[in-house]
Protein chains: 2
Amino acid sequence: MTAPDPTADQAETSYVSVDVLALRFDHDRRAVQLGIGIRATAPFAGRPALPGVLLRRGERLGEAGRRALGKIGVTDPTPAMGQLITFDEPNRDPRGPTLSVALWAVADSTGTADWVPLDTPPALAFDHARIVADCRDLLAGMLWRDLHFTRALTGPVFAAADALDVHASLTGRPADRGNLNRVLAGLPGLTKDGVQVARGRGRPSALWRWQDDAPDGTA
Amino acid sequence: MTAPDPTADQAETSYVSVDVLALRFDHDRRAVQLGIGIRATAPFAGRPALPGVLLRRGERLGEAGRRALGKIGVTDPTPAMGQLITFDEPNRDPRGPTLSVALWAVADSTGTADWVPLDTPPALAFDHARIVADCRDLLAGMLWRDLHFTRALTGPVFAAADALDVHASLTGRPADRGNLNRVLAGLPGLTKDGVQVARGRGRPSALWRWQDDAPDGTA
DNA sequence: TCAAAAGTGTTGGCTATACACCCATGG
DNA sequence: CCATGGGTGTATAGCCAACACTTTTGA
């Protein structure tokens, strides 16, 4: 406010990239997976990386996130998404200084991505391994608390066994069945649905169903 | 990754501004205050605003935060600072689309700022009132938990009465004396210092002193 | 009828909150 | 000696993790 410096205020700014942790629960592999793309262009051409784009002028973070998802063939027009953290290491991109805003998103289709386990991702381009590591703790903290995130990840109906698998993938440790059942029972908008399906040897899981806000396409 | 679009990747990006919630505990007014500057240039010339600058190419968020603090005359070369959230409403700046990364910082001097109470700030330029409102809850949650933040705000030595005032300013509700004393007793690196100073009519407060990492200048 | 998978119950520890009571100081 | 501000102790409720026990299924 004192000593205004117009030239400083109009200096060229860093680029802003939006990098997306695209998530998906694989019912068969019983794990949360991360959507990875193979970079087609330099730098790091041919190497796996998080889907990311440079933010366009005037673009909202969510729009950029959807473009990034398009890079791995996920084209849902209204994916569940949210903001995580902003990384500012100036050397994280060899093309030049680039801010990275990390977003999470839940994919509804497999697209063209490689889906790798979130807890043991392969080596990634840029500082993406570090981004994944830092954000996994945040995602674990959001599970069962941020219902927008949780509902997207579990889908409209899920078995109690799925909840255990999701918890294990995100936190790295298995959850206690009893405690998790009580957590689920306490979540608003979630009810136990008497129907159950057999999956293997033991007793079938109970099913939980989210209510309200149109599951997909009914609105 | 599929269908790479080099032109899109090199599109012009939004500007990035860094806006700082400069904080200070006023021992006399017994409240946490927010440092405000009067804008010297358009837009919103003459109106109060958070100190903010446009991020330069290759600049780290912390560096930009220090430049912003310079705008209100705070020149500490190593202020305590941290990241809050990133705002992306495209119309928040009439000059054009601008991302805003909100930081907190603790000022060691009064500089040239207007220091207003954090809990009742005046009308501010841009969407700064909204930023302050959103971030105050985050700051309240950091108190007594994020020790870097807490120690900076309280200073190296503080009275128990100050702790009550800080808590009230940030959360909006008075703290219970007894419970707060126990919280303080449980914080690592903080010890009760038998010395005490009289301030008014009643019994003098106990003093608490932070240990370790050189208070200021002893290292 | 047994092992695997799932659901229910119980306990102990930690935290948060409220409140009652005792202590030190200035007028 | 009493109002004012400060410190200590205690009781309660809620949350969370751990673990024991029961139920349902497939083989």
Side-chain angles (χ1 to χ4, degrees), chain A residues 25 27-31 137 140-147 150 154 157-188 190-209, chain B residues 25-31 137 139-147 150 154 157-188 190-209:
Chain A
F25 174 66
H27 193 273
D28 296 326
R29 295 184 189 276
R30 309 185 57 162
D137 297 336
M142 289 162 58
L143 187 63
W144 317 128
R145 279 182 251 273
D146 181 328
L147 297 190
T150 301
T154 61
V157 180
F158 64 98
D162 297 334
L164 280 171
D165 296 334
V166 168
H167 185 103
S169 282
L170 258 50
T171 67
R173 297 179 323 173
D176 182 280
R177 295 173 180 283
N179 297 330
L180 186 50
N181 276 336
R182 270 182 290 273
V183 168
L184 294 178
L187 293 186
L190 187 63
T191 52
K192 192 187 286 193
D193 203 333
V195 187
Q196 35 201 31
V197 285
R199 188 175 56 172
R201 267 198 280 289
R203 173 175 174 175
S205 290
L207 290 181
W208 295 84
R209 171 170 279 119
Chain B
F25 175 65
D26 186 318
H27 193 273
D28 296 326
R29 295 184 189 275
R30 310 184 55 162
D137 297 335
L139 295 170
M142 289 161 58
L143 186 62
W144 316 129
R145 277 182 251 273
D146 182 328
L147 297 189
T150 301
T154 61
V157 179
F158 64 97
D162 298 333
L164 280 170
D165 296 334
V166 168
H167 185 103
S169 282
L170 257 50
T171 66
R173 297 179 322 173
D176 181 281
R177 295 173 180 284
N179 298 330
L180 186 50
N181 276 335
R182 270 182 291 273
V183 169
L184 294 178
L187 293 186
L190 187 63
T191 51
K192 192 187 285 194
D193 203 333
V195 186
Q196 34 201 32
V197 285
R199 187 175 58 173
R201 268 199 279 287
R203 173 177 175 175
S205 289
L207 290 181
W208 294 84
R209 171 170 279 119

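Just so we're clear, the structure is a prediction, and the values are computed from it rather than from any experiment. Chain identifiers are assigned alphabetically (A, B, ...) following the order of the sequence lines, protein sequences preceding nucleic acid strands; residue numbering begins at 1 within each chain.
Two residues, A/Gly202 and A/Gly178, neighbour DNA chain C, and the one matched to the more 5' nucleotide by heavy-atom proximity is A/Gly202. Summary of the strand contacts: B/Pro204 and B/Arg182 both lie near DNA chain C, and taking for each the nucleotide with the nearest heavy atom, the more 5' one is attributed to B/Arg182.
Between the CG atom of A/Leu147 and the CE atom of A/Met142 there is a distance of 10.5 Å, given to the nearest 0.5 Å.
Considering A/Val157, A/Leu184, A/Leu187, A/Thr191 in turn, A/Leu184 is the only one that fulfils the side chain to side chain contact (heavy atoms under 4.5 Å, CB included) rule with A/Trp208.
An OP1 or OP2 oxygen of D/dA27 is reached within less than 4.0 angstrom by no side-chain nitrogen or oxygen of A/Arg201. The phosphate of D/dG6 (OP1 or OP2) has no side-chain N or O of B/Lys192 nearer than 4.0 angstrom.
A donor N or O paired with an acceptor N or O is not found under 3.5 Å between the base of C/dA6 and the side-chain atoms of A/Asn181.
Computed from coordinates, the B/Leu180 CG to D/dT8 P distance equals 12 Å when rounded to whole Å. Note: NE2 (B/His167) to P (C/dT17) measures 8 Å, nearest angstrom. What separates CG of A/Asp176 from C1' of C/dA6 is a distance of 12 Å, to the nearest Å.
At a threshold of 4.5 Å between non-hydrogen side-chain atoms, the residues B/Arg182 and B/Asn179 count as touching. A heavy-atom distance below 4.5 Å is found between the side chains of B/Leu180 and B/Trp144.
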